[in-house]
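Everything below concerns the one structure shown next.
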Amino acid sequence: KRTFVEVSGLIFLYLFVIAGFLIPIVGMMTCYRVVHGIDGVDDDNDFYYFASFGDAVVTLVWNMFGGLDVEHRANLHRSRDTVTTVFMVILLVLYSVILGLLCMNLVIAIIVDVYSKVTSDKYAEWRFSQFE
């Protein structure tokens, strides 16, 4: 039960981080597509990985498992607006850093939890071995 509570807290934190990045990314991409008159057709210039809310969710989740592919990185540098490109790169790098810290925090928490369980039982096991 305790593990479920801890894992659900971590999942909630991850969803909070994703929502914190999805809202500005999707909003910025919507404005970008309206200003430049992009109607949804993929012309290798329109950040098509962030064209809709669902695409942005899938892109951010897959970023956790291996990053963005080479084609997407090339599209970031061929956009029609330099300010949007810089802001998107900053957001994606910040997302990757925060996600990395979140995963490292999870690994450290698991190691500390296992260590505390082992050390809490060592005295009882030592006393038990004295009676044998």
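Below, each value reflects all heavy atoms present in this structure, side chains not excepted, and no hydrogens, waters or symmetry copies. Sequence positions, counted from 1, serve as the residue numbers for this chain.
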[Y] side chain reached by [X] side chain, heavy atoms, under 4.5 Å:
X: Asn105; Y: Leu101; value: no
X: Ile18; Y: Tyr14; value: yes
X: Val17; Y: Leu99; value: no
X: Ile98; Y: Phe21; value: yes

*Which value, rounded to the nearest 0.5 Å, describes the distance between Ile25 atom CD1 and Leu91 atom CG?*
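The distance works out to 5.0 Å.
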*Rounded to the nearest 0.5 Å, what separation is found between the CG atom of Leu15 and the OG atom of Ser8?*
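Reported to 0.5 Å precision, the distance equals 11.0 Å.
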*Mind checking whether Ile23 and Met28 sit in one hydrophobic cluster, side chains of I, L, V, M, F, W, Y counted as touching below 4.5 Å?*
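Ile23 does not cluster with Met28.
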*Counting heavy atoms not belonging to Phe87, are there more than 12 under 6.0 Å from its CZ?*
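Counting other residues, nucleotides and ligands, CZ of Phe87 stays at 12 neighbours or fewer.
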*Inter- and intrachain pairs under salt bridge (charged side-chain N to carboxylate O under 4.0 Å, His left out), touching residues 91-116, at least two apart*: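 Residue pairs passing salt bridge (charged side-chain N to carboxylate O under 4.0 Å, His left out), neighbours aside: Arg2-Asp113, Asp113-Lys117.
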